[in-house]
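Below you'll find the structure, written out as structure tokens, and then a few comments.
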Amino acid sequence: RVFVPAMNPDMWQHPAVQRNVAQLDADGWLQVGPTSGRTACEETGLGRMAEIAIVLAEIDELTGK
């Protein structure tokens, strides 16, 4: 199970989001990203979606491909 979070940097820092991410981690989900950079809402900071090549590489590693 993989999740790839991407959102506004302020939203990413919100305590409720961080609690939910911690729960997903505790439940065994693999998190890929977010990265820093310009987001879809034109903000800059942590919240940008990881590049698809990175996401696919993480999935390949997880599945042993």
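Note: hydrogens, waters and symmetry copies are ignored here, and every other heavy atom, side chains too, is used. Predicted model, so just to flag it, every value in this text is computed and none were measured.
- Here the options are Val4, Val21, Val2, the test is side chain to side chain contact (heavy atoms under 4.5 Å, CB included), and the partner is Gln31; only Val21 passes.
- Residues Gly45 and Thr39 share a closest heavy-atom pair of O-CG2, 4.4 Å.
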Report task. Please assess Phe3 against Leu30 for the test side-chain contact (heavy atoms from CB on, under 4.5 Å), listing each intermediate value before the final yes or no. Result -> CA-CA 6 Å; Phe3 72 107; Leu30 171 66; over 6 Å; no
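- Put simply, CG on Asn8 and CD on Gln13 are 10.0 Å apart, with the number rounded to the nearest 0.5 Å.
- Following chains of ILVMFWY side-chain contacts shorter than 4.5 Å, one cannot reach Met7 starting from Met49, and the two form parts of different hydrophobic clusters.
- The minimum heavy-atom distance between Ala50 and Gly33, with the atom names listed, is CB-CA, 4.2 Å.
- A donor-acceptor contact shorter than 3.5 Å links the side chain of Arg48 to the backbone of Arg38.
- Listed for the Asp27 side chain is no donor-acceptor partner under 3.5 Å among the backbone atoms of Trp29.
- Looking at heavy atoms from C-beta onward, Pro34 lies in side-chain contact with Leu46 at the 4.5 angstrom threshold.
- Contact detail for Arg1 and Leu62: the closest heavy-atom pair is N-CD2, 4.4 Å.
- Counting only heavy atoms from C-beta outward, the side chains of Thr35 and Glu51 never approach each other to under 4.5 Å.
- Distance NE2/His14 to CE/Met11: 9.0 Å, rounded to 0.5 Å.
- Within the model, atoms CD of Glu58 and OG1 of Thr63 stand 11.0 Å from one another, a figure rounded to the nearest 0.5 Å.
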